[in-house]
Amino acid sequence: MEQLENIKDSGGWLKRYRHSSTTCHCDMTFSVFLPPQAQTGEVPALYYLSGLTCTDDNVRSKAGAQRYAAEHGLALIMPDTSPRGEDVADEPEKYDLGQGAGFYVNATQAPWSAHYQMYDYVTRELPELIAESQPQINDVKSITGHSMGGHGALICALREAGSYRSVSAFAPICHPTDCGWGEGCFGAYLGDDRDTWNEWDACKLLEAGAGCPPLLIDQGEADSFLKEQLNTSALIDMAEKLKLPADIRMQPDYDHSYYFIASFIGEHIAFHAKYLNA
């Protein structure tokens, strides 16, 4: 594993690494923020999954998350959104398919299946790599994300029962089997059998009985993707029906941008700290 950056930040250290992934079969990049508390003891981790077109760099440079993570003594783990490289399948003319749009699923269809195994990367390989390379970070973890990454955070928490103390999301794609983004990626990555898509849809997983850890969602009411892509109302209906431990907040006038995330990231990190530091 090659360390690319080591930057002093908020009393701790912001690090960036590149490694050869045995899951995605290409070089992968991720960032880690170690809070100042990691200098004297172990700390828990909050995984942050980014959205379409993003890399690990977006959240660490735009959200202001490191300051709050330092305040609460949490490490931040920030993976990329997809495999990348000249040999990795892509649709360069599309922003919502291919590199930058891994959708946090395990692809089953060629040519995508050769590299697009982002679910296993996030839930298996990356935590193992963190355990081996970052002894300051213990195995207590929660997960959050934005948009496509919010979808990823939800399905990771719902599919990996007991692995995450809590889950949150900013403007997540709540019901991807019923929106253009989800249908486009699922059709390419998973094939035409829509029944298999349900394994990667938060609403469908909840309907099938998946357990849900404590959940916080913020959604901007001025988000241009709200009605056609995000389907927040479907998740609200499901949460009410199942009486989930969920707080889903509609925020007036906020959009889909990192200004929205920066406005509420402190509250999300405080929410996770309550469970991670319990």
(message) Checking the side chain of E183 only, and the main-chain atoms of D178 only, is there a donor and an acceptor separated by less than 3.5 Å?
(response) no

(request) To the nearest 0.5 angstrom, please state how far the NZ atom of K227 sits from the OG1 atom of T232. (result) 12.0 Å

(message) Other residues, nucleotides and ligands only: do more than 12 of their heavy atoms fall within 6.0 Å of CD on E228?
(response) no

(request) Quickly, which of I137, L46, I143 forms a side-chain contact (heavy atoms from CB on, under 4.5 Å) with I77? Name it, please. (result) I137

(message) My understanding is that only residues two or more places apart in sequence, or in another chain, count here; which of them pass side-chain contact (heavy atoms from CB on, under 4.5 Å) with D90?
(response) P92, Q99

(message) With a 3.5 Å distance limit and no angle check, can you tell me whether Q251 reaches the backbone of E221 through a side-chain donor-acceptor pair?
(response) no

(request) Sequence neighbours left out, what passes side-chain contact (heavy atoms from CB on, under 4.5 Å) with N106? Give chain and number order. (result) Q117, Y119, D120, W200

(message) Taking Y121's backbone N and O only, do any of them form a donor-acceptor pair with T23's side chain (distance below 3.5 Å, no angle check)?
(response) no

(request) For D80 and T29, test the side chains for any donor-to-acceptor distance below 3.5 angstrom and give the result as yes or no. (result) no

(message) Measuring only between side-chain heavy atoms, which start at C-beta, is S31 closer than 4.5 Å to Y17?
(response) no

(message) If you count heavy atoms of other groups shown closer than 6.0 angstrom to CG of D253, is the number above 12?
(response) no

Side chains of residues 270-278: which donor-acceptor partners sit under 3.5 Å, not counting sequence neighbours?
{"from": "H272", "atom 1": "ND1", "to": "S166", "atom 2": "OG", "distance (Å)": "2.7"}
{"from": "H272", "atom 1": "NE2", "to": "S168", "atom 2": "OG", "distance (Å)": "2.8"}
{"from": "N277", "atom 1": "ND2", "to": "H72", "atom 2": "O", "distance (Å)": "3.2"}

(message) Between E199 and K204 (salt bridge meaning N to carboxylate O under 4.0 Å), is one present in this structure?
(response) no

(message) Do the side chains of E160 and R124 get close enough for a salt bridge, i.e. N-O under 4.0 angstrom?
(response) yes

(request) Check whether more than 12 heavy atoms from other residues, nucleotides or ligands sit under 6.0 Å from atom CG of D87, and answer yes or no. (result) no

(message) Starting from V140, can I reach L126 by hopping between I/L/V/M/F/W/Y residues whose side chains sit under 4.5 Å apart?
(response) no

(message) For a ring pair (Phe, Tyr, Trp, His ring centres under 6.0 Å) check, start with the C-alpha distance between Y68 and H268, then their side-chain angles and the critical distance, and finish with the verdict.
(response) CA-CA 9 Å; Y68 298 105; H268 280 240; over 10 Å; no

(request) With sequence neighbours left out, write down each residue that passes salt bridge (charged side-chain N to carboxylate O under 4.0 Å, His left out) with E86, or none if nothing qualifies. (result) none

(request) Kindly work out whether a path of hydrophobic side-chain contacts (I/L/V/M/F/W/Y, heavy atoms less than 4.5 Å apart) joins Y104 to V167. (result) yes

(message) Is the ring pair F170/Y48 parallel, tilted or perpendicular, if the boundaries are 30 and 60 degrees?
(response) tilted

(request) Answer yes if the ring centres of F225 and H146 are under 6.0 angstrom apart, and no otherwise. (result) no

(request) Count the heavy atoms belonging to other residues, nucleotides or ligands that lie under 6.0 Å from OH of Y95, then report whether that count exceeds 12. (result) yes

(message) Tell me whether L158 shares a hydrophobic cluster with L49, the cluster being built from Ile, Leu, Val, Met, Phe, Trp, Tyr side chains joined at under 4.5 Å.
(response) yes

(message) Do T55 and D57 pair up side chain to side chain, a donor and an acceptor below 3.5 Å, judged on atom types alone?
(response) no

(request) Please answer: with hydrophobic residues joined when any side-chain heavy atoms are less than 4.5 Å apart, are Y254 and I173 in the same cluster? (result) no

(request) State, without any angle test, whether H175 and D201 hold a side-chain donor-acceptor pair at a distance under 3.5 Å. (result) yes

(request) Without swapping roles, check the side chain of R194 against the backbone of T177 for a donor-acceptor pair under 3.5 Å. (result) yes

(request) For H256 and S147, test the side chains for any donor-to-acceptor distance below 3.5 angstrom and give the result as yes or no. (result) yes

(message) I'd like to know if the side chain of S10 reaches the main chain of A70, judged simply by a donor and an acceptor atom lying under 3.5 Å from each other, with no hydrogens or angles considered.
(response) no

(message) Which residue is it: F186, W112, Y189? I am looking for the one with a ring-ring contact (aromatic ring centres under 6.0 Å, His included) to F103.
(response) F186

(request) Using atom types as modelled and distance alone, determine if a side-chain donor or acceptor of Y164 lies under 3.5 Å from a backbone N or O of T144. (result) no

(request) Indicate, with yes or no, if I217 and L206 share a hydrophobic cluster defined by side-chain heavy-atom contacts under 4.5 Å among Ile, Leu, Val, Met, Phe, Trp and Tyr. (result) yes

(message) Between E5 and R18, does any NZ, NE, NH1 or NH2 come within less than 4.0 Å of an OD or OE carboxylate oxygen?
(response) no

(request) Give a yes or no on whether the backbone of C24 and the side-chain of H115 come within a donor-acceptor separation of less than 3.5 Å. (result) yes

Can you list, pair by pair, the side-chain donor-acceptor contacts under 3.5 Å of residues 234-242, counting residues two or more places apart and other chains?
none

(request) Could you verify whether a donor N or O on one side chain and an acceptor N or O on the other, from E125 and S21, lie under 3.5 Å apart? (result) yes

(request) With sequence neighbours excluded, tell me which residues meet side-chain contact (heavy atoms from CB on, under 4.5 Å) with D247. (result) L216, R249

